[in-house]
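See structure below.
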Amino acid sequence: MAGPLPPWIAGPLKLLAWGLGAYAALCLAAFLLQRRMMYFPDRSTEAESLRQGARMGLAPWRDGTGHLLGWRRPGTGGDRPQMLVIHGNAGDALGRLDYLPVLEAAGFEGVLLEYPGYGPRPGRPSEGRFVADARAALRQLKAEGPGPVFLLGESLGSGVAVQVAAREPGAVAGLLLVTPFARMTEVAARHYPFFPLGLLLRDRWDSLGAIGGYAGPVALLVAGRDEVVGAAQGRRLAAAAPGPVFVREVSWADHNGLPLEPGQAPWPELLGFLRRPEGMGQ
């Protein structure tokens, strides 16, 4: 029978086994906790949100059963083009109020969609829930009036918007993607390079694979110094869109530093393209 391994072999093997075990435990924790690492909702009661919305000049937007979907200006609707604002992964919809004056200056009504598990809405964040909920919200807006409905997807919301447009292409008049990404697995690998996230991620958010299903106009606003998703992600997504595409890159902006001034660049160009895609090019 073979004898015990010499110490100069047994010691390193034991350390290797401990290291592999610790790494496997970290990978398991990352798999189990991944949605807490990806989604960062602000939570509140409905009463608190209603008070905050009223202070901001917003009314609750509800579905046919009275459940809260998001927020809009009181007394709006009708035949104006509408922009459903699908926000990023942090905060809540009320924190995106600054989009409304920008959209209104260009003749759109902005409607702020809230995610399940964010603000006062019940539920848990996930890719499937977000996409299904946004599709239902799109159908709600389409049923409310004859005007065209566009989607503004911000950061994580760009992934929601692309998937909704690919699944409901006839209902979406155009996409405006702000600091968008191509594939979430690539973004996650950029921030957590020590994990095999291509294998671990359940919410994969593959916009690059989905964008081919939507041939309508797509406008993209890219932050040149985007430290979260990287500017190259937006450029790749633009190159993959099969329909009319218009891209504006703000070279000095980081992920959360894009200008939001009504009537000021780059918004008139982006929103004007969505209204008249045949008259503009990339």
Side-chain angles (χ1 to χ4, degrees), residues 69-70 72 77-88 96 99-100 102-113 127 130-184 205-222 229 233-249 258 266-282:
L69 294 177
R72 69 199 311 178
D79 58 359
R80 275 199 303 167
Q82 295 173 312
M83 184 75 74
L84 184 63
V85 178
I86 308 172
H87 66 78
R96 272 60 179 193
Y99 280 114
L100 298 190
V102 171
L103 297 171
E104 290 158 359
F108 291 82
E109 180 203 354
V111 182
L112 304 177
L113 175 66
E127 180 177 10
F130 285 4
V131 173
D133 192 76
R135 291 178 71 185
L138 171 65
R139 291 192 290 270
Q140 170 96 7
L141 275 183
K142 293 293 291 182
E144 289 176 1
V149 178
F150 299 79
L151 305 182
L152 187 160
E154 172 202 67
S155 190
L156 179 75
S158 71
V160 182
V162 168
Q163 289 200 35
V164 171
R167 299 181 192 192
E168 309 266 359
V172 177
L175 291 178
L176 174 50
L177 307 178
V178 179
T179 58
F181 59 88
R183 288 195 171 107
M184 183 60 74
W205 293 111
D206 184 8
S207 294
L208 199 63
I211 193 72
Y214 181 67
V218 180
L220 300 95
L221 179 55
V222 177
V229 302
Q233 288 277 312
R235 298 178 198 132
R236 287 175 61 207
L237 190 61
V245 176
F246 185 72
V247 183
R248 274 294 169 262
E249 184 167 330
L258 289 165
W267 300 102
E269 283 186 304
L270 291 161
L271 294 166
F273 165 76
L274 291 178
R275 300 286 292 272
R276 300 177 301 277
E278 70 285 351
M280 302 177 70
Q282 187 169 342

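No hydrogens, no waters, no symmetry mates; every other heavy atom, side chains included, goes into these values. In this text the structure is predicted, and so the values were computed from the model without any measurement.
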TODO: Of all the heavy-atom pairs spanning Phe273 and Val218, show the shortest one and how long it is.
DONE: CE2-O, 3.5 Å
Task: Heavy-atom closest pair, residues Leu175 and Ala161 - done: CD2-O, 3.8 Å
TODO: Applying ring-ring contact (aromatic ring centres under 6.0 Å, His included), name anything that partners Tyr214, two or more places apart in sequence or on another chain.
DONE: none
- [ ] Over all heavy atoms of both residues, which pair between Leu221 and Pro266 is shortest? Give the atoms and the distance, please.
- [x] CD1-CG, 3.6 Å
- [ ] Please report the closest heavy-atom contact between Pro169 and Gly213, naming both atoms and the distance.
- [x] CB-O, 4.1 Å
Task: Contact check, side chains of Val111 and Val85, non-hydrogen atoms, under 4.5 Å - done: no
Open item on the list: To the closest 0.5 Å, what do you measure between CG (Leu176) and CZ (Phe246)?
Closed with: 11.0 Å
Open item on the list: Could you measure the distance from the NE2 atom of His87 to the CG atom of Leu112? Nearest 0.5 Å is fine.
Closed with: 8.5 Å
Open item on the list: Quick check with a 6.0 Å cut-off and a 45 degree axis cone: is Arg275 positioned over the face of Phe108's six-membered ring?
Closed with: yes
Open item on the list: Would you say that Glu109 contacts Met83 through its side chain, given a criterion of any heavy-atom pair below 4.5 Å between the two side chains?
Closed with: no
Open item on the list: Donor-acceptor check, side chain of Glu249 to backbone of Val222, threshold 3.5 angstrom: yes or no?
Closed with: no
Task: Counterpart residues, side-chain hydrogen bond (donor to acceptor under 3.5 Å, both in side chains), relative to Gln163 (two or more places apart) - done: Glu127, Arg167
Task: Qualifying ring pair (Phe, Tyr, Trp, His ring centres under 6.0 Å) pairs with a residue from residues 164-183, counting only residues at least two apart or across chains - done: none
Which pairs would a plain distance check flag for residues 136-143, meaning a side-chain donor or acceptor within less than 3.5 Å of a matching protein atom at least two apart in sequence or in another chain?
unit_1: Arg139; atom_1: NH1; unit_2: Glu168; atom_2: OE2; d: 2.8
unit_1: Gln140; atom_1: NE2; unit_2: Arg62; atom_2: O; d: 3.1
unit_1: Gln140; atom_1: NE2; unit_2: Glu144; atom_2: OE2; d: 3.2

TODO: For Pro217 and Leu274, work out which heavy atoms get closest and say how close.
DONE: O-CD2, 3.9 Å
Distance-only check: which donor-acceptor pairs under 3.5 Å involve side-chain atoms of residues 147-155, not counting sequence neighbours?
unit_1: Glu154; atom_1: OE1; unit_2: Gly88; atom_2: N; d: 2.7
unit_1: Glu154; atom_1: OE1; unit_2: Arg96; atom_2: NE; d: 2.9
unit_1: Glu154; atom_1: OE1; unit_2: Arg96; atom_2: NH2; d: 3.0
unit_1: Glu154; atom_1: OE2; unit_2: Tyr99; atom_2: OH; d: 2.9
unit_1: Ser155; atom_1: OG; unit_2: His255; atom_2: NE2; d: 3.0

Open item on the list: A side-chain contact here means heavy atoms from C-beta on lying under 4.5 Å apart; do Pro180 and Leu220 qualify?
Closed with: yes
Open item on the list: side chain to side chain contact (heavy atoms under 4.5 Å, CB included), that's the test. Do Leu156 and Met184 meet it? Break it down for me.
Closed with: CA-CA 9 Å; Leu156 179 75; Met184 183 60 74; 3.7 Å; yes
TODO: Given side chain to side chain contact (heavy atoms under 4.5 Å, CB included), test Arg183 with Trp205 step by step and report yes or no.
DONE: CA-CA 6 Å; Arg183 288 195 171 107; Trp205 293 111; over 6 Å; no
Task: Where Val164 and Ala134 come nearest, the two heavy atoms and their spacing - done: CG2-CB, 3.7 Å
Open item on the list: Tell me every residue that passes side-chain contact (heavy atoms from CB on, under 4.5 Å) with Ala240, counting only those two or more places apart in sequence or in another chain.
Closed with: Leu208, Ile211
